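Some notes on the structure that comes next.
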Amino acid sequence: MTATIIDGKAIAAEIRAEIKAEVEQLKAKYGKVPGLATVLVGSNPASQTYVRMKGRACEEVGIYSVKPTLPDDATQEQVEGLVRELNEDPNIHGILVQLPLPSHLNEEAVLSAISVEKDVDGFHPVNIGRLAMKGREPLFVPCTPYGVMVLLERAGVKLEGCRAVVLGRSNIVGLPVSFLLLHANATVTICHSRTKDLPSVTREADVLVAAVGRPEMVRGDWVKPGAVVIDVGVNRVDDPSRKSGYRLVGDVAFDEVKEVASAITPVPGGVGPMTIAMLLQNTLRAFKYTLPDEG
Ligand code: GUN
């Protein structure tokens with residue numbers, strides 16, 4: 001079997017086009033546009049790239065964006081002070097603090113300082129707490145897990161009653177995506193670095209979500225024939241044949257697994273573009289909460 005490739009790049013482009021049209025329509029009706037602030041603390045090169053990509057995506061769909069930055073040695077008070085200023089700014093509807101923060105900062109306190117109504121990353125304790133509970137609605141769902149669920153939906157994958165296995169238990173992906181799969185009535189197993197005999201667990205999955213940050217860890221014989229495989233990993237590996245000296249690979253050995261799975265997301269071009277599309281979606285949602293007839 002050769003798997004269907006779930007084209008995240010194309011699906012994300014469709015979503016961005018839908019958002020752009022809605023932003024234009026709301027602008028015509030209310031004379032205002034959504035605004036996003038992406039806060040960057042320090043000089044982590046990967047974070048700088050992500051923040052730049054988020055700013056560019058905003059521009060493409062007509063969302064106003066600002067990118068306040070603070071130095072590596074910023075104090076807790078400075079970061080929380082900046083967040084509080086953005087909470088009060090009427091032109092800003094969504095606030096995202098790029099993670100990871102420099103290690104001297106208290107991440108939980110920074111995320112708690114973001115107004116729940118502007119928490120487009122969905123990491124405020126109130127939003128993540130609501131996501132974790134049955135029958136409670138968070139105002140925002142974290143962008144990467146949200147993107148994974150939209151990919152599964154648009155690929156026509158039925159989750160009700162299926163066995164879903166999540167590799168990884170991070171706050172940003174593994175845990176929230178597990179809650180979403182559970183809410184969709186999948187039977188969910190979360191695997192991590194201490195899980196014994198990992199391949200025997202992943203082989204039970206009808207839907208396998210890999211989010212561990214280990215290049216090509218999931219091999220062909222880890223996957224049940226016909227499973228749907230979502231690869232969240234983005235790993236740089238050395239590749240002297242490239243001008244850059246590296247290439248991006250996922251957590252899944254794509255060439256092996258595509259021969260076993262029924263559907264698979266590629267890296268790049270799978271989950272990555274969806275994360276940004278869902279951030280734009282959440283920013284639009286935050287804006288609509290502030291409008292009289294739209295929230
Ligand atoms: N770092 C890696 N992924 C994310 C994300 O989705 N949001 C934020 N704020 N930081 C990240």
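All ligand and atom numbering here is 1-based and tracks the order in the structure. All figures in this text were calculated on a predicted structure; none of them were measured in a lab.
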Taking ring-ring contact (aromatic ring centres under 6.0 Å, His included) as the test, write out the residues that go with Phe287, two or more places apart.
His93
Ignoring hydrogens and angles, state whether a donor on the side chain of Ser43 or Asp72 is under 3.5 Å from an acceptor on the partner side chain.
yes
Flag for Tyr146-Gln281: side-chain donor and acceptor within less than 3.5 Å
no
Give the numbers and elements of all ligand 1 atoms closer than 4.0 Å to a heavy atom of Leu96.
9 (N)
Answer with side chain, backbone, both or neither: which part of Phe123 has a heavy atom less than 4.0 angstrom from an atom of ligand 1?
side chain
Closest protein heavy atom to [atom], given as residue, atom name and distance to 0.1 Å:
{"atom": "atom 11 (C) of ligand 1", "answer": "Gln98 NE2, 3.5 Å"}
{"atom": "atom 8 (C) of ligand 1", "answer": "Asp121 OD2, 3.2 Å"}
{"atom": "atom 3 (N) of ligand 1", "answer": "Ile172 CG2, 3.8 Å"}

Considering both backbone and side-chain atoms of Val97, is one of its nitrogen or oxygen atoms within less than 3.5 Å of a nitrogen or oxygen in ligand 1?
yes
Does Leu99, backbone or side chain, put an N or O under 3.5 Å from an N or O of ligand 1?
yes
Going by an N to O cut-off under 4.0 Å, is there a salt bridge joining Glu80 and Arg84?
yes
Side chain Asn87, main chain Ile114, donor-acceptor under 3.5 Å:
no
Taking all non-hydrogen atoms of both residues into account, name the closest pair between Gly174 and Val166 and its distance.
O-CG1, 3.8 Å
